[in-house]
Amino acid sequence: MRDWQATDSPLLDVRHVTKRFGGVVANHDISLSVERGTIVGLIGPNGSGKTTLFNSIVGQHPIDAGEIWFKGQEISRYRVDHIARLGLIRTFQQTRIFGKMTCMENMLVALPESRRHLAAMFGHGSRADMERAAELLEFVGLYSKRYHEAGSLSFGQQKLLEFAMALMCEPQMLLLDEPTAGINPTLINGLVDRLRRANSEMGITLLVIEHNMRVIMNMAEYIYCLAHGELLAAGPPEEIRNDPRVIDAYLGVS
């Protein structure tokens with residue numbers, strides 16, 4: 001079994017991070033680490049600071065204290081685009097797609113900046129990029145809709161498209177913010193299967209915010225729980241499932 005507390009060089013290492021908004025402390029002294037090639041969960045009640053932590057990790061919010069390291073280098077003061085070029089990408093609770101563009105066009109928009117400019121210049125991506133976009137749309141089950149406007153997709157399909165767009169960025173690590181939220185229950189198992197395959201077949205490390213306890217307990221190898229902006233508990237799923245502090249704070253049952 002992996003020793004989560006004794007890793008020498010985690011892919012992502014959050015060290016004593018604090019983030020304030022005026023007099024409100026959204027994150028206080030949070031430390032967590034994620035090893036390369038793993039799936040890690042981040043849970044907690046609404047308002048516990050999960051999304052704020054994601055925003056800080058990817059450079060959207062400058063932190064007030066602590067350090068954030070990725071691939072052995074400190075990224076605490078890096079801009080969003082710099083962090084993305086390192087291979088650290090996030091998705092959002094609400095999808096960020098271009099509804100009037102086709103699924104294929106959305107995939108090309110997601111290309112790394114230099115290749116995106118070339119695609120815009122010539123009206124289409126390179127042959128390799130077009131093939132990769134088609135492969136990823138096939139991977140998420142949207143190949144047959146590749147020339148449909150993204151806005152015509154169901155919300156669950158839009159989440160799958162956003163996931164494919166994130167994969168188009170060639171990430172080493174994905175931060176997924178509630179990937180199953182708002183999705184028809186019939187689509188959840190398919191999405192979870194694709195997340196697992198992205199991890200096992202593509203080698204992409206995943207840090208996942210998720211409120212669906214069944215999903216995260218079955219998918220993650222290790223779970224961190226936040227409450228009131230602080231780290232409440234950390235451990236394997238079975239340990240977290242039976243932790244009285246987690247049951248009280250997250251499930252509201254004492």
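For reference, positions follow the sequence shown, starting with 1.
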Visitor: Under a 4.5 Å side-chain heavy-atom rule over Ile, Leu, Val, Met, Phe, Trp and Tyr, are Leu187 and Leu137 clustered together?
Guide: yes

Visitor: When you compare the side chain of Val40 with that of Ile223, does any pair of heavy atoms fall below 4.5 Å?
Guide: no

Visitor: How long is the gap from CZ on Arg85 to NE2 on His82, to the nearest 0.5 Å?
Guide: 6.0 Å

Visitor: Working to the nearest 0.5 Å, report the span between CD1 of Ile204 and CZ of Arg36.
Guide: 12.0 Å

Visitor: Side-chain contact test, heavy atoms from C-beta onward, threshold under 4.5 Å: evaluate it for Leu226 versus Glu230 and give yes or no.
Guide: no

Visitor: Roughly how far apart are His61 NE2 and Asp64 CG, rounded to 0.5 Å?
Guide: 11.0 Å

Visitor: Provide the closest heavy-atom pair for Cys225 versus Gly44 in the form atom of the first, atom of the second, distance.
Guide: SG-CA, 4.4 Å

Visitor: Whether the side chain of Arg194 engages the backbone of Gly190 through a donor-acceptor N/O pair (distance < 3.5 Å, no angle test) should be reported.
Guide: yes

Visitor: Does any donor atom in the side chain of Gln172 or Thr205 lie under 3.5 Å from an acceptor atom in the other side chain?
Guide: no

Visitor: Can you check whether Leu32 reaches Leu231 side chain to side chain, under 4.5 Å on heavy atoms?
Guide: no

Visitor: Looking only at heavy atoms, what is the nearest atom pair of Ala198 and Leu167, with distance?
Guide: CB-CD2, 4.4 Å

Visitor: Is the number of heavy atoms from other residues, nucleotides or ligands within 6.0 Å of CZ (Phe139) greater than 12?
Guide: yes

Visitor: Examine distances only and state if a side-chain atom of Arg146 and a backbone atom of Tyr143 form a donor-acceptor pair shorter than 3.5 Å.
Guide: yes

Visitor: Evaluate the side-chain proximity of Asp29 to Val17: yes if any heavy-atom separation is below 4.5 Å, no if none is.
Guide: no

Visitor: Could you check whether any side-chain N or O of Asn184 sits under 3.5 Å from a backbone N or O of Gly156, counting only pairs where one atom can act as donor and the other as acceptor?
Guide: no

Visitor: To check you understand the geometry: which heavy-atom pair defines the closest contact between Leu207 and Phe54, and what is its length?
Guide: O-CZ, 3.5 Å

Visitor: With side chains defined as the heavy atoms from C-beta onward, is the minimum distance between Ile75 and Trp69 less than 4.5 Å?
Guide: no

Visitor: Salt bridge check, Glu162 against Lys159: does any charged N sit closer than 4.0 Å to a carboxylate O?
Guide: no

Visitor: Any side-chain donor-acceptor pair under 3.5 Å between Asn27 and Arg20?
Guide: no

Visitor: Within 45° of the six-membered ring axis of Phe21 and under 6.0 Å from that ring's centre, is NZ or CZ of Lys19 located there?
Guide: yes

Visitor: What's the shortest heavy-atom distance between Phe163 and Leu174, and which atoms?
Guide: CE1-CD1, 3.7 Å

Visitor: Nearest heavy-atom pair of Glu221 and Pro237: which atoms, and what distance?
Guide: O-CD, 3.4 Å

Visitor: How close do Ile68 and Ser56 get, counting heavy atoms only, and between which atoms?
Guide: CD1-O, 3.6 Å

Visitor: With side chain to side chain contact (heavy atoms under 4.5 Å, CB included) as the criterion, how do Ile63 and Thr18 come out once you've worked through the C-alpha distance, each side chain's angles and the decisive distance to 0.1 Å?
Guide: CA-CA 6 Å; Ile63 59 177; Thr18 293; over 6 Å; no

Visitor: Is it true that a side-chain atom of Glu210 and a backbone atom of Asn212 form a donor plus acceptor pair closer than 3.5 Å?
Guide: yes

Visitor: Any chance you could measure Tyr222, atom OH, to Ser33, atom OG, to the nearest 0.5 Å?
Guide: 7.5 Å

Visitor: Run through Val208, Leu42, Ile89, Ile209 and flag the one making a side chain to side chain contact (heavy atoms under 4.5 Å, CB included) with Leu176.
Guide: Val208

Visitor: With the side chain counted from C-beta on, respond yes when Ile247 and Asp243 share a heavy-atom pair under 4.5 Å apart, and no when they do not.
Guide: no

Visitor: Verify the distance criterion only: is there a donor paired with an acceptor across the side chains of Glu105 and Tyr147 at less than 3.5 Å?
Guide: no

Visitor: Quick test of your reading of the model: are Asp129 and Arg127 salt-bridged, counting only N-O distances below 4.0 Å?
Guide: no

Visitor: Just verifying a value: how many Å separate His16 NE2 and Glu67 CD, rounded to the nearest 0.5 Å?
Guide: 9.0 Å

Visitor: Can you confirm whether Ile57 sits close enough to Val14 that some side-chain heavy atom of one is under 4.5 Å from a side-chain heavy atom of the other?
Guide: yes

Visitor: Sub-3.5 Å donor-acceptor pair from the side chain of Arg132 to the main-chain atoms of Met168, do we have one?
Guide: no

